[in-house]
Asks: 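Handing you this structure, nothing more for now.
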Amino acid sequence: MTVVAVGPGDPRMLTLRGRQALESADLVVGFKTVLDVVSEWCGNAEVRPMSYRDQEEVLEYAAEQVANGINCVVCCWGDLNVSAHELLARVYRRAEHVELIPGVSSIQMACARAGIALEESLFITLHRRDGGESALAELEHYLQEGQRNIILLPRPFDLMPPGIASDLIAGGIESNRSVTIYQRLTLEGEKSWTGSLQECAALTEEFSDLSIMVFLRSPVEGH
Ligand SMILES: C[S@@+](CC[C@H](N)C(=O)[O-])C[C@H]1O[C@@H](n2cnc3c(N)ncnc32)[C@H](O)[C@@H]1O
């Protein structure tokens, strides 16, 4: 079984190695939005979209096919080492040999847009079923400490930017602390917004599930 990370959304961000793996696959599985990114490279492979509800069945089917000598690729959004361990664990439970082909993560895109270095940044995800609260506490801790930029993945749709900003202010973070929100990086409709936590808390727009927040370690005036 091969896992191909497809990048942050723009099909041109798929790696050449990922494309080769897809071109030689007999079966390609993944969530529908992920498969949409790579559909042009799947050739004659059987393409099986999955949803949160039937992912176990689809991966079980893929494992059976692999046992029959079929070449199978599981696609994963962004990079496979970034907030994707639930899917990877499901693959590892079923396949003895797994090849991982990394991709460009949305957090790398956020770094590129924000002009920040990963080694001067800290990545926190709220994007997990459990542990949202402890991740928020961690976020508060590192914001207070102020030594690194923080790249934060909100959690669609119960821990989104306005709610996170309110929680941070309630937790004692200065309400004039600057934050940038990037939505739909590399995709049609990509946009960004920068303002204070207080302004963020008051936003009423609906945010895309593809949203990332960036807190600069030493906010530049007016940025
Ligand atoms: C389960 S995580 C998977 C991250 C993925 N493995 C990666 O490396 O980008 C999904 C979250 O990543 C962020 N994300 C992924 N793609 C994005 C994009 N194109 N623009 C903004 N945020 C994105 C959003 O916070 C989204 O809810």
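Worth saying up front: this structure is predicted, and the values here are computed from it rather than measured. Just follow the structure's listing: the first ligand is 1, and inside any ligand the first atom is 1.
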Asks: Can you tell me the protein heavy atom closest to atom 10 (C) of ligand 1 and the distance?
Replies: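 Answer for atom 10 (C) of ligand 1: His127 NE2, 3.7 Å.
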
Asks: Just distances here: any N/O of Pro8 and N/O of ligand 1 closer than 3.5 Å?
Replies: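 Yes, Pro8 has an N/O under 3.5 Å of an N/O on ligand 1.
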
Asks: Below 3.5 angstrom, do we get any N/O pair linking Cys76 and ligand 1?
Replies: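 Min N/O separation from ligand 1 is not below 3.5 Å for Cys76.
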
Asks: For atom 26 (C) of ligand 1, state which one of Asp209, Leu185, Leu153, Ile212 supplies the nearest heavy atom.
Replies: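 Answer by nearest heavy atom: Asp209.
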
Asks: For Phe123 versus Ser83, what's the shortest heavy-atom pair and its separation?
Replies: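 Result for this residue pair: CZ-CB, 4.5 Å.
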
Asks: Step by step, work out the side chain to side chain contact (heavy atoms under 4.5 Å, CB included) result for Leu27 and Arg48.
Replies: CA-CA 7 Å; Leu27 172 66; Arg48 274 259 182 143; 4.0 Å; yes

Asks: Can you tell me which residue and heavy atom of the protein come closest to atom 4 (C) of ligand 1, and the distance to 0.1 Å?
Replies: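 Looking only at protein heavy atoms, the one closest to atom 4 (C) of ligand 1 is Val82 O, 3.6 Å.
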
Asks: For ligand 1, indicate whether the residue Ser211 contacts it via side chain, backbone, both or neither (heavy-atom separation under 4.0 Å).
Replies: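 Just the backbone.
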
Asks: Is Arg184 touching ligand 1 with its side chain, its backbone, both, or neither, if touching means heavy atoms under 4.0 Å apart?
Replies: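 The part of Arg184 near ligand 1 is the backbone, not the side chain.
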
Asks: Could you go through the salt bridge (Lys or Arg N to Asp or Glu O under 4.0 Å) check for Glu188 and Arg184 one step at a time?
Replies: CA-CA 7 Å; Glu188 206 183 312; Arg184 297 183 56 76; over 6 Å; no

Asks: For atom 21 (C) of ligand 1, what is the nearest protein heavy atom, given as residue, atom name and distance?
Replies: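 The closest heavy atom on the protein side is Leu210 O, 3.2 Å.
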
Asks: Around atom 16 (N) of ligand 1, find the nearest protein heavy atom and jot down its residue, atom name and distance.
Replies: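 In this structure, atom 16 (N) of ligand 1 has Trp77 NE1, 2.7 Å as its nearest protein heavy atom.
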
Asks: Numbering the atoms of ligand 1 from 1, which are under 4.0 Å from a heavy atom of Ser83?
Replies: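 Numbered from 1, ligand 1 contributes 1 (C), 2 (S), 3 (C).
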
Asks: Would you say Tyr52 ends up clustered with Leu35 if hydrophobic residues are merged whenever their side chains have heavy atoms under 4.5 Å apart, either directly or through other cluster members?
Replies: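 Yes, Leu35 and Tyr52 fall within the same hydrophobic cluster.
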
Asks: With the threshold set at 4.0 Å, does a side-chain nitrogen-carboxylate oxygen contact exist between Glu56 and Arg93?
Replies: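 A salt bridge is present here (some side-chain N lies under 4.0 Å from a carboxylate O).
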
Asks: Start with the C-alpha gap between Glu40 and Arg19, add the side-chain angles, then the distance that decides, and say whether salt bridge (Lys or Arg N to Asp or Glu O under 4.0 Å) holds.
Replies: CA-CA 10 Å; Glu40 63 185 297; Arg19 179 177 145 184; over 6 Å; no

Asks: Hey, is Glu119 close enough to Arg148 for a salt bridge, meaning N to O under 4.0 Å?
Replies: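 Salt bridge flag = no for Arg148 with Glu119.
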
Asks: For atom 14 (N) of ligand 1, grab the closest protein heavy atom and report residue, atom and distance to one decimal in Å.
Replies: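 Atom 14 (N) of ligand 1 sits closest to the protein heavy atom Ser106 OG, 3.3 Å.
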
Asks: Should Thr186 be counted as touching ligand 1, given the test is an N or O pair under 3.5 Å?
Replies: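 Such a contact does not occur with ligand 1.
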
Asks: Picking from Leu159, Leu210, Ile107, what satisfies side-chain contact (heavy atoms from CB on, under 4.5 Å) with Leu153?
Replies: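 Testing each of Leu159, Leu210, Ile107 against Leu153, the sole residue satisfying side-chain contact (heavy atoms from CB on, under 4.5 Å) is Ile107.
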
